[in-house]
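Owing to the predicted nature of the structure, the values given are computational and were not obtained by experimental measurement.
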Amino acid sequence: MNLKQLIPAALAAIVLIGALVLVFKLVTGAFALLGGMLDLVLGLAIVVALIAIVAWMFSYAKKHKK
């Protein structure tokens with residue numbers, strides 16, 4: 001093989017490796033984003049549940065006042 005054939009093949013290999021790295025980083029970033037969204041949803045559910053419990057406690061105390 002001469003040098004004129006080797007350079008395009010090496011450049012193509014570098015571009016392919018770069019594209020694979022980019023795709024891998026995009027996929028891992030998407031999974032991280034989904035994990036963050038799941039944490040957000042669970043956190044909001046806990047806050048709503050705590051507010052509902054406190055509201056129920058005040059309602060219960062109001063009904064059973066002596």
Side-chain angles (χ1 to χ4, degrees):
M1 273 186 115
N2 63 15
L3 194 58
K4 288 186 178 183
Q5 291 176 342
L6 187 60
I7 290 175
L11 287 176
I14 290 171
V15 169
L16 181 64
I17 291 171
L20 289 174
V21 168
L22 178 63
V23 168
F24 179 74
K25 286 187 177 276
L26 286 173
V27 169
T28 55
F31 280 121
L33 185 63
L34 287 175
M37 290 295 287
L38 180 63
D39 289 344
L40 175 69
V41 169
L42 290 175
L44 287 175
I46 289 171
V47 169
V48 169
L50 288 173
I51 291 171
I53 290 169
V54 170
W56 174 80
M57 286 171 44
F58 279 116
S59 170
Y60 183 85
K62 187 177 181 181
K63 289 179 186 175
H64 292 85
K65 197 183 264 188
K66 289 188 176 182

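Listed by chain and number, the residues in a side-chain contact (heavy atoms from CB on, under 4.5 Å) with I7 are L3, L11 (sequence neighbours excluded).
Taking a 4.5 Å side-chain heavy-atom cut-off between Ile, Leu, Val, Met, Phe, Trp and Tyr, the cluster of L38 extends to L42. L33 belongs to no hydrophobic cluster, as no Ile, Leu, Val, Met, Phe, Trp or Tyr side chain comes under 4.5 Å of its own. Grouping Ile, Leu, Val, Met, Phe, Trp and Tyr residues whose side-chain heavy atoms lie under 4.5 Å apart, directly or via other members, leaves V41 alone, with no other cluster members.
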Listing, residues 45-53 side-chain donor-acceptor contacts under 3.5 Å, not counting sequence neighbours, or none:
none

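Residue pairs satisfying the ring pair (Phe, Tyr, Trp, His ring centres under 6.0 Å) criterion with at least one member in residues 12-56, sequence neighbours excluded, are listed as follows: W56-Y60.
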